[in-house]
Amino acid sequence: MEEANVYSLSVVEAKGGTISVASALAGNQEAVQDREHKFLTMAVQEAYKGAECGHGRPFGAVVVHNDEIVVSCHNMVLARTDPTAHAEVTAIREACKKLNKIELSDCEMYASCEPCPMCFGAIYLSKIKRLVYGAKAEAAIAIGYNAFIADALRGTGFYQKSHLEIKRADGNASHIAEQVFEKSKAKFHIH
């Protein structure tokens with residue numbers, strides 16, 4: 001197959017005929033969604049794991065480098081008696097230790113839920129290149145979490161100023177992430 005510049009050609013030559021770029025891109029988009037679903041599912045599993053073992057609230061995060069999981073972490077606020085031990089912050093700390101560096105610009109993060117302002121700040125400062133999250137903050141707010149999670153960042157436009165690719169997962173991946181809160185809410189007294 002000849003290399004083609006997707007931006008300037010409308011078809012790609014292939015063995016036995018032609019394939020439209022739209023079809024080729026659709027296949028690529030499907031592969032990206034499968035990849036995102038795989039890593040986000042791991043973040044959601046971490047959220048359940050942390051809640052079940054009593055380490056903290058139902059949040060999980062995974063740091064990925066070159067399609068390999070560097071770390072998979074959950075909220076450790078209760079286990080560490082540390083209000084900053086959110087899943088995303090814990091994952092960044094552990095990834096930095098494991099990779100022996102403070103800048104994660106060649107890594108991505110998959111988070112079970114839209115990050116709070118503290119976590120987003122840590123993601124930004126670590127220079128993670130891409131964030132994919134499952135549940136919107138409203139899913140956590142609906143069962144009693146503080147609305148500050150959503151209000152603090154959205155009102156400032158900080159997401160837009162961050163120069164970081166931020167994406168909410170598509171379809172089923174976001175749905176399974178939102179279910180974490182409903183399924184684990186009885187475990188916590190949220191005030």
Query raised in the report: At their closest point, which heavy atom of Leu131 faces which heavy atom of Pro115, and how far apart are they?
Result: CD2-CG, 3.7 Å
Requested in this report: Mark yes or no for whether Glu46, through its side chain, and Gly60, through its backbone, hold a donor-acceptor pair below 3.5 Å.
Outcome: no
Query raised in the report: Rounded to the nearest 0.5 Å, what separation is found between the CD1 atom of Ile102 and the CZ atom of Arg93?
Result: 14.5 Å
Query raised in the report: Can you name the nearest heavy-atom pair linking Val44 to Ile176, along with the distance?
Result: CG1-O, 4.0 Å
Query - Nearest heavy atoms of Ala177 and Ser112, plus distance in Å - result: CB-O, 3.3 Å
Query raised in the report: So do Asp106 and His65 actually touch side chain to side chain, heavy atoms under 4.5 Å?
Result: yes
Query raised in the report: Is Tyr133 close to Ile166 at the side-chain level, that is, under 4.5 Å between some pair of heavy atoms?
Result: yes
Query raised in the report: Do you know the tightest heavy-atom contact between Phe39 and Asp67?
Result: CZ-O, 3.7 Å
Report summary line: Closest non-hydrogen contact found for Met109 with Ala91 is CE-CB, 4.2 Å
Query raised in the report: Can you tell me if NZ on Lys127 sees more than 12 non-hydrogen neighbours from other groups inside 6.0 Å?
Result: no
Query raised in the report: Shared ILVMFWY cluster between Tyr110 and Phe120, side chains joined below 4.5 angstrom?
Result: no
Query raised in the report: Under a 4.5 Å side-chain heavy-atom rule over Ile, Leu, Val, Met, Phe, Trp and Tyr, are Ile128 and Val70 clustered together?
Result: yes
**Report entry** Any side-chain heavy-atom pair of Arg57 and Val77 under 4.5 Å
**Finding:** no
Query raised in the report: Quick one: do Val62 and Leu104 end up in the same hydrophobic cluster if we chain Ile, Leu, Val, Met, Phe, Trp and Tyr together by side-chain heavy atoms under 4.5 Å apart?
Result: no
**Report entry** Side-chain heavy-atom pair Met118, Thr84 within 4.5 angstrom cut-off
**Finding:** yes
Requested in this report: Answer yes or no: is there a side-chain heavy-atom contact under 4.5 Å between Cys53 and His74?
Outcome: yes
Query raised in the report: Got Arg80 and Thr90 here, is their nearest side-chain heavy-atom distance under 4.5 Å?
Result: yes
Query raised in the report: Applying the 4.5 Å side-chain criterion to the ILVMFWY set and letting contacts propagate, would Leu99 and Val63 be lumped into a single cluster?
Result: yes
Report task. Spell out, yes or no, whether Val180 and Leu40 are grouped together once hydrophobic residues are joined by side-chain heavy atoms under 4.5 Å, including indirect joins. Result -> no
Report task. Report the C-alpha distance between Glu165 and Lys129 in whole Å, list the side-chain angles of each, state the deciding distance to 0.1 Å, and finish with yes or no for side chain to side chain contact (heavy atoms under 4.5 Å, CB included). Result -> CA-CA 6 Å; Glu165 181 187 343; Lys129 68 180 176 182; over 6 Å; no
Report task. Identify the heavy atoms of Ala137 and Cys113 that sit nearest to each other, and give their distance. Result -> CA-SG, 4.2 Å
Query raised in the report: Are Val64 and Arg35 close enough that some pair of their side-chain heavy atoms sits under 4.5 Å apart?
Result: yes
Query raised in the report: Do any N or O atoms from the side chain of His55 and from the backbone of Glu52 form a donor-acceptor pair under 3.5 angstrom?
Result: no
Query raised in the report: Do Arg130 and Glu36 meet the salt-bridge criterion of a basic N to acidic O distance under 4.0 Å?
Result: yes
Report task. Taking Arg168 for its side chain and Gly134 for its backbone only, find out whether a donor-acceptor pair lies under 3.5 Å. Result -> yes
